[in-house]
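Below is one structure, written out as structure tokens; comments come after it.
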Amino acid sequence: MYIQHLNISDFFLNSIMSEPTDNNTINPFSVALKQLDEASKIIGIDKGMHDVLAQPKRILIVSIPTRMDNDEIHVFTGFRSQHNDARGPFKGGIRYHPQVSIDEVKALSMWMTWKCAIANIPYGGGKGGIICNPKQMSTGELERMTRRYAYAIADIIGPHTDIPAPDVYTGGKEMSWIMDTYSALKGNFVQPEVITGKPLAIGGSLGRNEATGRGLSFTVREAAKKLGINLRAATVAVQGFGNAGQFAAQLLEEMGAKVVAVSDSQGGISNKNGISIGSARAHKEKTGSVVGFPGSNSISNEEILETDCTILVPAALENQITKNNAANVSAKLVAEAANGPTTPEADEILHKNKIMVIPDVLANSGGVTVSYFEWLQNLRREYWTEEQVNSMLDKKMTEAFSDVYDTHDKYQVNMRNASIALAVGRVTEAIKTRGLWP
Ligand code: NAD
């Protein structure tokens with residue numbers, strides 16, 4: 001195994017490891033930098049501070065030799081990008097995907113810094129990943145790869161330095177292996193506070209599973225008040241009926257809204273009279289998709305974004321609302337459960353059309369907020385009730401929405417620029433207050 005600590009400003013890294021881009025590929029790190037530039041202009045930070053924030057503080061690249069089931073060794077590549085820790089330990093997920101790239105984890109770690117600052121929780125931003133195809137690996141192979149990765153990053157993570165979490169194609173199982181490996185390596189006593197998103201049996205939090213959708217529903221409730229939308233008369237379309245999308249749909253339904261369209265990777269369904277989320281979930285559990293749900297019409301994943309509705313919740317993939325379809329979005333409010341579902345050009349079109357976007361860094365921050373509650377419970381060796389978790393989440397999301405809305409009002413900018421400006425302001429204040437040493 002080799003471990004390289006690289007300074008990310010190193011030209012080698014930027015030129016060799018960056019994901020090649022073409023006209024059809026949007027480089028996420030370029031988008032993140034563009035957003036930082038915009039936010040820096042809005043609040044007027046100096047160039048030096050901008051440059052500190054434009055690169056992660058550290059990126060670790062590790063090779064992960066793993067014994068496969070056929071007894072051969074396969075060497076995977078893994079990353080951990082630590083963007084900024086001025087306000088607290090780095091925090092962010094670990095994703096397993098064949099296309100994970102260094103630019104992707106750099107961008108995602110920067111977005112985690114902003115997300116935690118907007119949520120006003122004492123964390124910075126990090127993100128990790130392994131280039132692999134978990135769908136083609138056995139549980140044994142996944143466990144050996146995960147434990148080797150945990151071993152390789154053990155010296156830079158820790159309960160007070162960097163606290164990973166699940167992300168694309170990782171979950172409680174992987175978090176348990178990482179927690180166990182870390183605990184065995186670092187003193188051989190149980191340290192649940194090194195990672196969040198754990199199963200309840202080893203210190204996970206009640207309410208974590210629903211947290212992203214629930215948090216999103218609170219921001220929608222607050223936005224509706226500002227826009228004069230009566231949720232009881234509102235209609236909702238949700239693209240992506242997974243963890244975030246299902247709970248967002250369910251909680252908006254509980255608030256009185258009518259969900260008129262939902263979709264998953266197989267396609268979408270619509271019904272002007274409303275879709276019962278409980279029944280649609282049961283149908284998906286039985287058949288593997290929402291498609292074919294009794295009483296509904298079939299629609300495509302492109303059509304769902306243009307559905308006639310009050311609130312649109314993209315909860316699947318990035319780059320779904322683009323310059324090609326943004327003008328056809330009829331919703332009054334877009335609440336981003338997914339990370340990066342709207343391209344910068346589409347953002348401008350939505351803003352021009354007076355459609356409010358609750359950006360990902362705000363709308364889906366319920367997940368990391370309840371991760372923070374999990375960490376607090378672990379540090380204190382406490383267990384909180386679901387009611388406690390949910391009411392604290394409500395308070396945090398309501399405050400975060402209000403802070404972003406006030407920033408949008410103060411600088412007369414859209415909600416995304418306002419979110420990042422708010423975050424950049426909080427992070428630069430922490431950096432300045434701490435000062436530079438040595
Ligand atoms: P998930 O895997 O549980 O669900 C994803 C859903 O999207 C699935 O139903 C899948 O069928 C559907 N999907 C895939 N391709 C699609 C397509 N082309 N069109 C429509 N639907 C499609 O994942 P999740 O955890 O719900 O995450 C969804 C998004 O929310 C991701 O962008 C993720 O980064 C973001 N997010 C999730 C959390 C969380 O706590 N779950 C937190 C923050 C952000």
Side-chain angles (χ1 to χ4, degrees), residues 28 91-97 100 104-105 107-109 111-112 114-116 118-119 125 127 129 134-135 164-172 174-175 196-198 204-205 207-217 219 237-251 261-270 277 280-281 283-285 287-291 293 298-307 312-322 325 335-342 358-374 393 397:
K91 182 92 190 85
I94 294 169
R95 61 174 52 181
Y96 289 179
H97 199 275
V100 177
E104 187 182 27
V105 294
L108 289 162
S109 66
W111 286 324
M112 283 307 296
W114 309 150
K115 197 179 287 189
C116 294
I118 294 161
K127 201 72 162 197
K135 288 188 174 172
D167 197 79
V168 176
Y169 294 138
T170 59
E174 288 76 15
M175 300 307 106
T196 61
K198 300 178 295 296
S205 178
R208 175 64 186 87
N209 205 24
E210 305 85 352
T212 302
R214 189 179 295 277
L216 180 133
S217 72
T219 63
V238 180
Q239 186 201 42
F241 202 59
N243 173 286
Q246 274 186 37
F247 287 113
Q250 179 192 319
L251 289 150
V262 297
S263 71
D264 59 32
S265 57
Q266 314 287 306
I269 54 167
S270 72
I277 296 307
R281 179 183 288 141
H283 179 81
K284 185 173 165 82
E285 272 164 18
T287 66
S289 172
V290 292
V291 175
F293 181 62
S298 281
I299 54 168
S300 71
N301 261 310
E302 290 73 42
E303 285 167 327
I304 197 163
L305 300 170
E306 302 174 12
T307 301
L312 174 64
V313 181
L317 307 170
E318 59 280 6
N319 302 330
Q320 295 299 295
I321 308 177
T322 66
N325 60 8
E336 296 182 335
N339 283 315
T342 311
I358 311 176
D360 45 10
V361 282
L362 169 62
N364 70 30
S365 64
V368 72
T369 300
V370 175
S371 272
Y372 164 57
F373 297 158
E374 178 179 336
L393 176 64
M397 297 302 301

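Just so it is clear, the structure is predicted and the values come from calculations on it, not from any experiment. Atoms within each ligand, like the ligands themselves, are counted from 1 in listed order.
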Do me a favour and list the nearest non-hydrogen protein atom to [atom] with residue, atom name and distance?
atom	answer
atom 28 (C) of ligand 1	Ala315 O, 3.3 Å
atom 18 (N) of ligand 1	Leu317 CD1, 3.5 Å
atom 4 (O) of ligand 1	Gly242 CA, 3.1 Å

**Q.** Heavy-atom nearest option to atom 3 (O) of ligand 1, drawn from Val361, Val368, Asn243
**A.** Asn243
Q) Considering only heavy atoms, which of Val370, Asn301, Val290, Val238 lies nearest to atom 19 (N) of ligand 1? A) Asn301
One residue to check: [X]. Relative to ligand 1, which of side chain, backbone, both or neither has a non-hydrogen atom less than 4.0 Å away?
X	value
Gln239	side chain
Ala211	neither
Glu302	neither

Q. Does ligand 1 have an atom that lies less than 4.0 angstrom from a heavy atom of Arg208?
A. yes
(Q) Looking only at the side chains, is there a donor atom on one of Arg208 and Ser371 sitting less than 3.5 Å from an acceptor on the other? (A) yes
Q: Please work out whether the ring planes of His97 and Tyr169 are parallel, tilted or perpendicular, with thresholds of 30° and 60°.
A: parallel
Q: Establish, for the pair Arg281 and Phe247, whether the NZ or CZ atom is under 6.0 angstrom from the six-membered ring centre and no further than 45 degrees off its axis.
A: yes
Q) What atoms of ligand 1 come closer than 4.0 angstrom to any heavy atom of Ser263? A) 20 (C)
